[in-house]
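To find a chain, count down the sequence lines: A is the first, B the second, and so on, and within it residues start at 1.
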Amino acid sequence: MYDFKKVERKWMSKYEKNDYFKANLDKSNKPFYNLMMFPYPSASGLHIGNMYSFIGSDVYGRYMKLRGYDVYEPIGFDAFGIHSENYALNVGKNPFELTPKSIKYFRDEQLKKIGNIFDWSSEVITSSQDYYKWTQWIFVKLFKAGLAEKRDSTVNWCPSCKTVLADEQVIDGKCERCDTEIQKKEMSQWFFKITKYADRLLDNLDKLDWTEVTKNIQKSWIGRSEGATVVFHVKDMDLEIETFTTRPDTIYGVTYLVLAPEYKYTKELVAEDRREEFISFIERVNKMDEAERTSITRSKNGMFTGSFAIHPLTGERLPIWIGDYVLAEYGTGAVMAVPAHDERDYDFAQKYGLEIKQVIDCDKDGLPHTEKGKMINSEEYTGWKSEDFIEKVDEVSDYMKKTVNYHLHDWCVSRQRYWGPPIPIVYCDKCGTVPVPEEELPVELPQTDDFIPDGSGLAPLARNEDFVNTTCPKCGGSAKRETDVSDNFLDSAWYFLRYVSPNDIEKPFDSKLVRKWLPVDMYIGGNEHANLHLMYSRFITMALHDLGYLLFEEPFKSFRGHGLIIKDGQKMSKSKGNTVNPNDYFDTHGVDVLRTYLMFMGNFLEGGDFRDSGMDATKRFLNRVWDIANMPEGESSINLKIKMAETVDKVSYSIENIKYNTAVAAIMEFINEAVKEKHIEKKIILDLAKLLSPFAPFISEEINEMKGGKGTILDSGFPEGYEKYKEIATIEVPVQINGKMRGKVEVNKDAGQEKILEEAKGDKRLARYIEGRNIRKVIYIKDKIMNIIVK
RNA sequence: GCGAGAGUGGCGGAACUGGCAGACGCGCUGGACUUAGAAUCCAGUGAGUUUUAAAAGCUCGUGAGGGUUCAAAUCCCUCCUCUCGCACCA
């Protein structure tokens with residue numbers, strides 16, 4: 001009987017003692033950078049979803065190592081940030097004290113036990129000074145390059161976390177961390193100008209080997225939309241209103257303008273006698289939460305400002321309205337309303353009795369008609385096609401200009417929290433906003449017990465006089481420090497660069513090693529970071545590229561987003577009490593079983609359904625493997641060798657395409673054949689162990705050692721030498737008569753059509769359908785199928 | 001509403017480029033071992049149907065309906081359902 005506890009303990013300690021998986025970063029000839037998303041130590045331990053991700057990534061790394069690559073598989077801890085901090089606040093501890101403890105548990109009780117080929121010598125912890133010094137360095141570099149800016153803006157405020165958040169961290173109007181309803185606030189915040197990179201972030205996607213889903217999520221988040229800006233003069237005022245439209249061809253159908261309630265000129269535009277109405281209107285809008293405000297089904301409300309704009313082409317007078325369906329954040333916050341050809345404008349115009357003017361040819365009853373078509377009622381452009389007009393917009397009028405708009409907004413990076421890198425900026429009355437000189441980094445996060453966010457809009461550090469008061473690096477006069485910390489996603493936006501030289505105190509990363517090892521060859525992780533970490537990392541990499549620090553502009557050559565685990569057909573959640581704690585299975589089933597089952601239970605890229613019955617079955621499977629490994633040695637049958645030839649191919653194909661479940665299935669099939677034998681060849685059993693080793697490392701190592709192998713099995717090379725068995729294999733060719741399956745004939749591989757036809761005629765079953773009839777046509781797909789058409 | 005993906009036995013899921021549907025596993029049924037159970041092992045297992053029975057065969061079958069093809073889970077059209085992403089984006 002296989003004693004998994006003993007074997008796993010033995011190999012865990014061997015992995016710990018020997019540097020099997022320490023990559024020689026300098027000397028390596030075939031570098032392969034296998035990256036997984038480092039965890040944040042924010043809870044009582046890694047959950048099964050983390051394990052799923054890490055193991056799935058490790059299977060790939062192990063496979064590549066077996067294939068002879070120098071695989072570098074580093075790991076670290078995303079230890080700064082709101083998740084670790086919230087956890088600390090929850091349990092009433094100081095993150096300074098709690099985080100190292102969490103890390104220790106994550107590392108020693110979990111990560112070191114799951115059999116991954118981590119190179120522990122390269123561990124990176126984002127909350128350590130050696131690391132965040134360089135996070136701050138990046139901030140300073142971006143600031144100097146004009147890519148970081150502090151500005152007033154409407155931002156997302158989480159009342160529970162008491163900080164602002166980036167757009168990407170608001171999910172369905174709620175805080176990504178704590179699920180609290182987000183409020184919009186007008187505040188001065190630090191932004192990274194990621195929108196400058198919108199087009200590159202979008203265009204590069206086509207060149208990346210990433211899972212399509214992930215690319216699609218990024219595409220729609222960037223949300224490029226082509227259109228035009230149209231400028232309207234306000235009648236009797238020295239004001240211009242700029243609007244964005246994707247349908248400049250409907251310009252002659254504009255019958256009014258609508259502004260967002262937050263629009264910058266509303267004060268000027270709202271007439272004296274409408275001020276009161278305006279104030280109560282704004283109050284009503286503010287009462288709505290984000291979800292209600294943006295609900296499509298809600299009826300649209302608005303009010304007339306009393307002012308008019310001038311149509312740039314016709315000179316007509318257009319009433320200017322304020323409408324709660326216009327968003328301040330998108331486009332210019334002002335819309336040229338074309339009720340005949342836009343559903344929202346149509347609804348609004350109907351409600352308030354505004355003019356509806358048709359300018360695209362269609363059935364009059366079909367309004368609003370949103371399709372493009374032939375322009376009508378458009379003066380000299382009547383008869384033009386929409387597309388032609390859109391193309392020529394720039395020539396029509398000085399007031400119209402082709403423009404591109406994005407859904408993507410600049411990245412709000414300041415956080416009114418404690419547990420993060422202080423933003424390295426100093427405010428001086430004389431010199432203004434001054435970055436901390438690079439040689440003075442890091443700006444140390446002071447260790448203090450006064451770290452609880454108070455919701456005032458200022459970070460806890462603002463209460464720390466010693467920290468706040470400083471001298472200006474430029475003029476030496478007294479100055480004040482920025483007290484916000486930067487977003488945790490900035491920490492993780494460059495950690496993959498740090499991994500190659502984690503202990504370098506001179507620079508953020510070693511350029512020579514970066515050139516050798518990056519971009520990352522394979523990155524496997526969850527899709528929940530598609531708009532977050534994966535977008536930010538691309539941006540930071542591009543920015544560092546433009547600043548001359550990197551030769552490449554895309555950090556991850558290949559990315560595979562995997563699916564989620566469910567339990568017995570249901571979503572796992574603490575409230576349902578159906579969560580799975582991976583550690584529970586270490587003693588009952590063993591790590592090998594857990595790994596193998598997680599990879600077997602479903603398609604890794606789509607997720608899977610975790611069931612205890614499957615764990616039991618996998619345990620049975622590995623016991624069978626053990627029994628076969630312990631069969632008497634002796635020559636194996638040709639049949640089994642042919643089976644092994646197939647298995648090697650199937651496992652390679654499956655792992656390379658991240659179809660881990662079918663790789664395991666192929667090994668099971670092989671086992672089902674092997675149990676029929678009385679003895680087994682050493683080579684066969686060693687190769688079996690190799691194929692199994694990405695999934696069940698410990699039993700595979702043990703088998704390898706038992707059969708005389710030294711060190712780790714991953715250094716012993718991929719199974720080879722089976723080509724010749726594929727040649728001698730016979731195959732069954734299915735035979736159809738008139739397209740219906742009627743039988744099979746057994747022939748040698750590569751048999752010709754005549755041979756198969758002859759066999760078919762000689763086959764009792766098939767002959768019935770052929771005899772006495774005319775064969776009109778024979779379709780033969782070599783080694784696959786024959787279809788005989790008879791009459 | 002828009003975009004993407006998916007829908008296959010009692011269940012999780014296979015099926016590479018259009019070429020044997022249901023690999024592999026769970027569950028279930030029967031059997032072996034056992035005083036008994038657990039564990040383990042062996043056999044069977046899409047539905048319907050023909051035959052006394054077995055062997056063997058036939059028909060149907062991949063969300064629904066149509067089409068292309070010698071051949072469709074796979075390609076095309078229409079529709080339904082689910083999941084994910086975005087969403088009053090002008």
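Residues satisfying the ring pair (Phe, Tyr, Trp, His ring centres under 6.0 Å) criterion with A:His311, sequence neighbours excluded, are absent altogether. By the salt bridge (charged side-chain N to carboxylate O under 4.0 Å, His left out) test, A:Asp324 is found to be paired with A:Arg298, residues two or more places apart in sequence or in another chain being considered. In this structure A:Asp209 satisfies the salt bridge (charged side-chain N to carboxylate O under 4.0 Å, His left out) test together with A:Arg560, sequence neighbours excluded. Taking A:Tyr653 as the reference, nothing meets the ring pair (Phe, Tyr, Trp, His ring centres under 6.0 Å) condition, with sequence neighbours excluded. Shown here are the ring pair (Phe, Tyr, Trp, His ring centres under 6.0 Å) partners of A:His341, two or more places apart in sequence or in another chain: there are none. Shown here are the ring pair (Phe, Tyr, Trp, His ring centres under 6.0 Å) partners of A:Tyr660, two or more places apart in sequence or in another chain: A:Phe604. Considering only residues two or more places apart in sequence or on other chains, A:Glu226 meets the salt bridge (charged side-chain N to carboxylate O under 4.0 Å, His left out) condition with A:Arg224.
Among residue pairs with one or both ends in residues 776-785 of chain A, those qualifying as salt bridge (charged side-chain N to carboxylate O under 4.0 Å, His left out) are A:Asp750-A:Lys782; sequence neighbours excluded. Listed by first and then second residue, the side chain to side chain donor-acceptor pair (under 3.5 Å) pairs involving residues 598-612 of chain A are A:Tyr585-A:Asp612, A:Asp609-A:Arg611 (not counting sequence neighbours).
Taking the six-membered ring for Trp and the full ring otherwise, the centers of A:Trp411 and A:Phe489 sit at least 6.0 Å from each other. Taking the centre of each ring, A:Trp626 and A:Phe4 stay at or above the 6.0 Å mark.
Nucleotide B:rC24 holds its P atom 12 Å from the CD atom of A:Glu646, rounded to whole Å.
Nucleotides B:rA4 and B:rU69 place their P atoms 28 Å apart, quoted to the nearest Å. Using atom C1' as the reference point in both B:rC24 and B:rU34, the two lie 31 Å apart (nearest Å). Straight-line distance between the P atoms of B:rA73 and B:rC82: roughly 25 Å, to the nearest whole Å. Going from the P atom of B:rU74 to that of B:rU52 covers 39 Å, rounded to whole Å.
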- Item | Sequence-aligned protein contact record of nucleotides 11-20 of chain B, with B where the base is within under 4.0 Å of a protein heavy atom and S where only the sugar-phosphate is | SBSSSS--BB
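Under 4.0 angstrom from either OP1 or OP2 of B:rG25 there lies at least one side-chain N or O belonging to A:Asn672. Regarding contacts with the backbone of B:rU59, a side-chain N or O of A:Arg742 is found under 4.0 angstrom from either OP1 or OP2. At B:rC86, none of the side-chain N or O atoms of A:His407 fall inside 4.0 Å of OP1 or OP2 (strictly under the cut-off). Not one side-chain nitrogen or oxygen of A:Lys777 sits closer than 4.0 Å to the OP1 or OP2 atom of B:rA71. Of the side-chain N and O atoms in A:Tyr769, one or more sit less than 4.0 angstrom from OP1 or OP2 of B:rC58.
If A:Gly331 and A:Ala617 are placed on RNA chain B by their nearest nucleotide, the residue sitting closer to the 5' end is A:Ala617. Taking the nucleotide of RNA chain B with the nearest heavy atom to each of A:Thr245 and A:Ile789, the more 5' of the two is matched to A:Ile789.
Of the candidate nucleotides B:rC88, B:rC24, B:rC86, B:rC88 has the atom lying nearest to any side-chain atom of A:Leu327. When distances are taken from the side chain of A:Ser225 to each of B:rA90, B:rC24, B:rC70, the shortest belongs to B:rA90.
A:Val335 comes within 4.0 angstrom of a base, heavy atoms only. Using a 4.0 Å heavy-atom cutoff across all strands shown, A:Val258 reaches no nucleic acid atom at all.
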- Query: Reading RNA chain B 5' to 3', what string of ( ), [ ], | and . shows its pairs, if Watson-Crick and G-U wobble pairs count only when both distances fall under 3.5 Å?
  - Reply: (((((((..(((......[....)))((((((.......))))))(((((.....)))))..(((((..]....))))))))))))....
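A cation-pi arrangement, defined by a distance under 6.0 Å to the six-membered ring centre and an angle within 45 degrees of its axis, is absent between A:Arg538 and A:Trp221.
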Would you tabulate the pairs of protein nitrogen or oxygen atoms and nucleotide nitrogen or oxygen atoms of nucleotides 40-48 of chain B closer than 3.5 angstrom?
from   : atom 1 : to       : atom 2 : distance (Å)
B:rU40 : OP1    : A:Arg620 : NH1    : 3.3

